[in-house]
Protein chains: 2
Amino acid sequence: MNTPLPNKSVRGSDSGIAIMAVFDLLGRKWNMRILWQLRQGALSFRGLQQSCDGMSPSVLNSRIKQLNEAKLLQTTEQGYQLTALGMTLMDKLDPLRGWASEWEEVLKQQ
Amino acid sequence: MNTPLPNKSVRGSDSGIAIMAVFDLLGRKWNMRILWQLRQGALSFRGLQQSCDGMSPSVLNSRIKQLNEAKLLQTTEQGYQLTALGMTLMDKLDPLRGWASEWEEVLKQQ
DNA sequence: TATTGCGCTTCTAAATTAGTAGCGATACTA
DNA sequence: TAGTATCGCTACTAATTTAGAAGCGCAATA
């Protein structure tokens, strides 16, 4: 499975290709979740696996490779952690928490 | 395939369950993209299909059902369109466009 | 030396997604 | 009125992705 990256586009076209790559990458199961779990700091392979409800190691490993290739995640002595780019992405996603609560409320009102 | 919704959680637990449901829902192929394409207004079934690179009608139909169940999308006389909730979600995702450009730049540098 | 835990790899099964064909309905055209 | 076109969508099979279990090789510890 290849990693979706934005640079395959025609330069200067700006027809939304970069964000489509974001949707493609984040739209794969576990990718958002993995990055989210790393917001607070580094995690080991098995720690990350556990924090993601015991996702299978084969999938985790392939995700790590993709996210690393996309420069959102890096391997360090402390374990896996976000790159600066990964952190800014999570900052952008942070407001979703508030939205999620609203969503929950609306759905509760059946 | 069942729709991930936040209300299955224990009330008041607030252990991030709602946002996990968001990740689960948006982490399915095409869901973000479909909502994104509807930002500017309603689209017909085939119009939506075309704007999503010709995604298969069977998948599109199942996505429409999920997003409708999640109250993010609704059917109107004009076609499929975002609900108010869906629009606020897209507002939250809008900053991703800027981030995507930065990401593109970083990846361009070797 | 034995045990424990680690980061993975390998394999098969299950689930999801893709893709093609086409139905029944409506609308417009010759 | 018969033909054509387009629509939303269904039904089906094939391809791809994800799940899940087992366990290897390595390092640290007992």
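Below, chain A is the first sequence line, B the second, and so on; all start at residue 1. These values consider heavy atoms only, across backbone and side chains, with no hydrogens, waters or symmetry-generated copies.
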(message) Suppose the criterion is salt bridge (charged side-chain N to carboxylate O under 4.0 Å, His left out): which pairs have a residue in residues 76-87 of chain A, not counting sequence neighbours?
(response)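 The answer is none; no pair qualifies.
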
(message) Using a strict heavy-atom distance below 4.0 Å, which residues from residues 32-45 of chain A are in contact with DNA chain D?
(response)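 When residues 32-45 of chain A is checked for heavy atoms under 4.0 Å from DNA chain D, there are no hits whatsoever.
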
Would you mind reading off the distance between [X] atom [atom1] and [N] atom [atom2], rounded to a whole angstrom?
{"X": "A/N61", "N": "C/dG7", "atom1": "CG", "atom2": "P", "result": "11 Å"}
{"X": "B/L60", "N": "C/dG19", "atom1": "CG", "atom2": "P", "result": "14 Å"}
{"X": "B/I64", "N": "D/dC7", "atom1": "CD1", "atom2": "C1'", "result": "13 Å"}
{"X": "B/Q49", "N": "C/dT17", "atom1": "CD", "atom2": "P", "result": "16 Å"}
{"X": "A/Q50", "N": "C/dC6", "atom1": "CD", "atom2": "C1'", "result": "12 Å"}
{"X": "B/L48", "N": "D/dG8", "atom1": "CG", "atom2": "P", "result": "10 Å"}

(message) Run the side chain to side chain donor-acceptor pair (under 3.5 Å) test against B/D94 and tell me which residues pass, sequence neighbours left out.
(response) B/R97

(request) List in chain and number order the residues that pass side chain to side chain donor-acceptor pair (under 3.5 Å) with A/R46, two or more places apart in sequence or in another chain; answer none if no residue qualifies. (result) none

(message) The criterion is salt bridge (Lys or Arg N to Asp or Glu O under 4.0 Å); which residues satisfy it with A/E105, sequence neighbours excluded?
(response)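 A/E105 satisfies salt bridge (Lys or Arg N to Asp or Glu O under 4.0 Å) with A/K108 only.
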
(request) Could you verify whether a donor N or O on one side chain and an acceptor N or O on the other, from A/Q74 and A/T83, lie under 3.5 Å apart? (result) no

(message) Under the criterion salt bridge (Lys or Arg N to Asp or Glu O under 4.0 Å), I'd like the reasoning laid out for B/D53 against B/R33: C-alpha separation, chi angles, the key distance, then a yes or no.
(response) CA-CA 10 Å; B/D53 302 326; B/R33 177 72 179 271; 3.3 Å; yes

(message) So which atom in B/K71 and which in B/L85 form the shortest heavy-atom distance, rounded to 0.1 Å?
(response)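 Nearest heavy atoms, B/K71 then B/L85: O-CB, 3.7 Å.
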
(request) Going 5' to 3' through nucleotides 13-30 of chain D, assign each nucleotide B (protein heavy atom under 4.0 Å from a base atom), S (under 4.0 Å only from sugar-phosphate atoms) or - (no protein heavy atom that close). (result) ----SSBBBB--------

(request) Check B/L89, B/L82, B/N31 against B/L72 for a side chain to side chain contact (heavy atoms under 4.5 Å, CB included) and give me the one that passes. (result)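 Exactly one candidate clears the test, B/L89.
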
